[in-house]
Amino acid sequence: MNRFTDVYFFIDDSGVFDFEKNEEYFLYCGYMIIGNQNKDNLLRKYNSVRDEIAKEYPNEKEIKGRIFNKNIGHELRDQLRLYKVMKSDYCYSLILKVNNKDIYSYILRDKKSKTRYKNYALKMMIKEALQQALKDGAVEDTLLNIKILVDEEGQSTNGIYDLEESVRSELFHGVQNFDYGTFYEPLFHNQESSVKVTYCRSEVVRPVQTADILANLCYFFLHNDGYNINYFTKRDRCIYKVLPF
């Protein structure tokens with residue numbers, strides 16, 4: 001019997017984290033699914049819809065957001081079907097929007113600073129999602145096995161390790177702010193819980209493709225007249241965060 005509660009995060013990005021390249025927003029989007037069986041059930045439903053839709057796009061090797069021409073009604077509806085199937089009491093959609101123009105220029109000029117900020121953004125989204133799940137009773141303060149799959153960005157080994165350690169400290173050890181003399185209590189207290197970050201290619205990892213679909217839709221809804229990202233953020237079990245605060 002598995003004594004852990006499995007928690008899965010599937011995350012992809014959209015846009016460019018750089019205001020000078022005329023990108024107003026950078027997005028992280030995806031899903032948090034609690035429980036291995038819940039994850040398997042959702043992915044089975046997703047794969048069924050995905051395989052049905054794939055028949056309409058025979059020239060495409062993978063069904064990703066970029067293949068859909070969202071100015072053609074039926075193609076937008078196909079992509080939205082892939083989003084709508086990811087619905088469960090134990091599945092939370094995740095949308096994090098970074099306003100590039102409000103980020104300090106020294107962060108955007110330095111590659112390592114950009115990586116640290118993106119890791120910080122991911123950590124805060126993960127924490128907020130688990131905080132809400134704890135409040136909803138979807139997860140308990142127990143032994144957790146947290147698996148975070150993120151679409152590959154050329155992340156260095158140090159970057160992966162830093163994100164794992166940062167998430168682990170935030171969730172299970174708490175954070176000391178020495179500047180203000182404050183301590184933020186951890187969300188969870190079982191020190192044997194695990195956190196594993198894996199960067200992978202969404203082209204070959206089907207769970208991360210679910211995040212690609214949502215990220216691509218959110219980017220389109222943000223940048224096109226007649227659409228509003230509220231379509232996604234106002235739905236039940238959506239964690240929506242905007243940075244900087």
Side-chain angles (χ1 to χ4, degrees), residues 6-19 23 25-34 39 86 91-100 102-104 107-108 110-134 139 144-175 184 186-188 193-202 205 207-216 218-219 222 229 232-233 237-245:
D6 294 307
V7 182
Y8 299 87
F9 288 87
F10 306 138
I11 299 170
D12 200 354
D13 64 72
S14 191
V16 179
F17 187 43
D18 193 335
F19 187 60
E23 282 283 357
Y25 307 112
F26 173 76
L27 298 171
Y28 272 126
C29 299
Y31 297 96
M32 175 182 72
I33 305 174
I34 300 165
K39 180 261 298 180
M86 296 294 291
C91 178
Y92 292 74
S93 58
L94 313 173
I95 301 171
L96 184 144
K97 181 178 75 171
V98 178
N99 293 314
N100 286 336
D102 295 327
I103 300 296
Y104 289 120
I107 293 176
L108 296 176
D110 181 72
K111 184 177 180 180
K112 290 184 178 179
S113 295
K114 289 170 74 171
T115 296
R116 284 194 293 268
Y117 191 89
K118 289 165 80 172
N119 281 352
Y120 162 76
L122 275 174
K123 176 188 72 173
M124 298 310 295
M125 181 169 71
I126 289 165
K127 179 182 179 180
E128 188 157 324
L130 283 165
Q131 200 166 25
Q132 186 61 49
L134 195 60
V139 71
L144 299 180
N145 181 25
I146 299 173
K147 300 178 182 180
I148 304 166
L149 277 67
V150 187
D151 187 48
E152 190 173 53
E153 301 174 325
Q155 180 71 279
S156 67
T157 301
N158 285 341
I160 296 171
Y161 176 78
D162 289 346
L163 180 57
E164 282 183 357
E165 287 303 303
S166 180
V167 170
R168 184 179 291 110
S169 294
E170 188 82 33
L171 296 179
F172 301 106
H173 302 293
V175 177
Y184 297 94
L187 280 181
F188 304 98
S193 295
S194 65
V195 176
K196 176 65 175 175
V197 174
T198 302
Y199 282 84
C200 49
R201 292 169 53 210
S202 60
V205 179
V208 181
Q209 288 179 22
T210 67
D212 167 85
I213 292 294
L214 179 56
N216 184 268
C218 288
Y219 187 87
L222 269 174
I229 198 172
F232 305 100
T233 62
R237 298 196 183 279
C238 176
I239 306 300
Y240 178 47
K241 194 170 187 65
V242 179
L243 291 177
F245 296 116

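In what follows, every heavy atom counts, from backbone to side chain, and hydrogens, waters and symmetry copies are set aside.
- Side-chain contact between N99 and Y25: present, with at least one pair of heavy atoms (C-beta onward) separated by less than 4.5 Å.
- Closest of all the heavy-atom pairs between D110 and R116 is OD2-NH2, 4.3 Å.
- Applying the salt bridge (Lys or Arg N to Asp or Glu O under 4.0 Å) rule to K39 yields no partners; only residues at least two apart in sequence or on another chain are considered.
- When every heavy atom of C200 is checked against every heavy atom of V205, the shortest pair comes out as CB-CG2, 3.7 Å.
- Residues passing the side chain to side chain contact (heavy atoms under 4.5 Å, CB included) test with A121, sequence neighbours excluded: L96, L243.
- Considering OH of Y184 and CD of E170, their distance stands at 9.5 Å, rounded to 0.5 Å.
- Expressed to the nearest 0.5 Å, how far CG of L171 lies from NZ of K127 amounts to 8.0 Å.
- Among residues two or more places apart in sequence or in another chain, the ring pair (Phe, Tyr, Trp, His ring centres under 6.0 Å) test is passed with Y117 by F17, Y120.
- When each of L130, I126, I33 is checked for a side-chain contact (heavy atoms from CB on, under 4.5 Å) with V7, only L130 meets the rule.
- The backbone N or O of E23 sits less than 3.5 Å from a side-chain atom of N100, completing a donor-acceptor pair.
- By the 4.5 Å heavy-atom criterion applied to side chains, V167 and V197 are not counted as neighbours.
- Between F26 and Y28, the ring planes lie perpendicular to each other; the angle is over 60°, past the 30° to 60° tilted range.
- The closest side-chain heavy-atom distance from C29 to D12 is not below 4.5 Å.
- Judged as a ring pair (Phe, Tyr, Trp, His ring centres under 6.0 Å), and not counting sequence neighbours, F19 has no contacts.
- Between F172 and L144, some side-chain heavy-atom pair lies under the 4.5 Å cut-off.
- At a threshold of 4.5 Å between non-hydrogen side-chain atoms, the residues I146 and S193 do not count as touching.
- Atoms CE and OH, on M86 and Y92 in that order, are 14.0 Å from each other to the nearest 0.5 Å.
- P244 and D102 get closest at one heavy-atom pair: CG-O, 3.5 Å.
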Quick one: side chains of residues 207-216, donor-acceptor pairs under 3.5 Å with protein atoms, not counting sequence neighbours, listed by atom name and distance.
unit_1 : atom_1 : unit_2 : atom_2 : d
Q209   : NE2    : E62    : OE1    : 3.1
Q209   : NE2    : S202   : O      : 2.9
Q209   : NE2    : E203   : O      : 3.3
T210   : OG1    : P207   : O      : 2.5
D212   : OD2    : G65    : N      : 2.7
N216   : OD1    : K70    : NZ     : 2.6
N216   : OD1    : Q79    : NE2    : 3.1

Carefully, step by step, assess M125 and I11 under the rule side chain to side chain contact (heavy atoms under 4.5 Å, CB included).
CA-CA 11 Å; M125 181 169 71; I11 299 170; 4.0 Å; yes
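- Distance check, rounded to the nearest 0.5 Å: CG of D18 to CG of L108 gives 5.5 Å.
- Taking E128 as the reference, K241 meet the salt bridge (Lys or Arg N to Asp or Glu O under 4.0 Å) condition, with sequence neighbours excluded.
- Proximity of F9 to L122: side-chain heavy atoms (C-beta onward) are nowhere separated by under 4.5 Å.
- Once rounded to the nearest 0.5 Å, the distance linking NZ of K196 with CD1 of I148 reads 11.0 Å.
- Atoms CD1 and OH, from I229 and Y219 in turn, are 12.0 Å apart once rounded to the nearest 0.5 Å.
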